[in-house]
Amino acid sequence: MRKVFYLGMIVMTMFVMAACSSSNTPGGALKQYSEYLQKGDYEKFVDGLTFDESQDAATVKEQKAALVSMLKEKVSKEYEKKGGIKSIEILSEEIAEDGNTAVVKTKHTYGNGETEEGDQQMVKRDGKWLMSVGK
């Protein structure tokens, strides 16, 4: 009986963890990508971007490498000037009726106390929310 109880608790815990997984929402996914940016993990951040599906894999790989390079060279220095990213807050998310696009409003607070609010377009591809950089 004890084994059944413990097994049930483990299964229930797994379901709760899966349900609370933040990347299942556009805001949660954006927060995760922003945390990659905050940590300087630019490769993972760029993996959260959506690219034109008509491009071949080699072109997308080139574009990703160029973005990572730019982030390392320029953006990291800009964040450094501001004292780094202290916190990232999701203010709101509006999911379109079709469930495949969304707009997430964020607030970044920097180490120097400066804050910046913005909107990010998100798109759902293969069940995963990605940041849209397109049109």
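Atom set for the values below is all heavy atoms of this structure, side chains included, hydrogens, waters and symmetry mates excluded.
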Is it possible for you to say whether Leu91 and Met131 belong to one hydrophobic cluster, with membership spreading through side-chain heavy-atom contacts below 4.5 Å?
-> no

Could you label the plane-to-plane angle of the Tyr110 and His108 rings as parallel, tilted or perpendicular, counting under 30° as parallel and over 60° as perpendicular?
-> parallel

State whether the number of non-hydrogen atoms from other residues, nucleotides or ligands found under 6.0 Å of Lys82 atom NZ is greater than 12.
-> yes

Crowded around Gln55 CD? As in, over 12 foreign heavy atoms under 6.0 Å?
-> yes

In sequence, state the C-alpha distance, the side-chain angles, and the governing distance for Leu67 and Phe51, and then conclude on side chain to side chain contact (heavy atoms under 4.5 Å, CB included).
-> CA-CA 12 Å; Leu67 280 171; Phe51 291 85; 3.9 Å; yes

Nearest 0.5 angstrom please: [X] [atom1] to [Y] [atom2], how far?
| X | Y | atom1 | atom2 | answer |
| --- | --- | --- | --- | --- |
| Glu62 | Asp56 | CD | CG | 8.5 Å |
| Asn112 | Lys86 | CG | NZ | 10.0 Å |
| Asp98 | Lys124 | CG | NZ | 10.0 Å |
| Glu35 | Ile85 | CD | CD1 | 10.0 Å |
| Ile90 | Gln120 | CD1 | CD | 10.0 Å |
| Lys107 | Ile88 | NZ | CD1 | 13.0 Å |

So, Ser34 and Gln38: side-chain donor and acceptor under 3.5 Å apart, yes or no?
-> no

Sub-4.5 Å side-chain heavy-atom contact between [X] and [Y]:
| X | Y | result |
| --- | --- | --- |
| Leu130 | Lys128 | yes |
| Met122 | Val103 | no |
| Val104 | Asp119 | no |
| Leu71 | Phe45 | yes |
| Thr106 | Glu89 | no |
| Thr25 | Glu93 | yes |

Under the side-chain hydrogen bond (donor to acceptor under 3.5 Å, both in side chains) rule, what pairs show up with a residue in residues 39-48, not counting sequence neighbours?
-> Glu43-Lys72, Asp47-Lys64

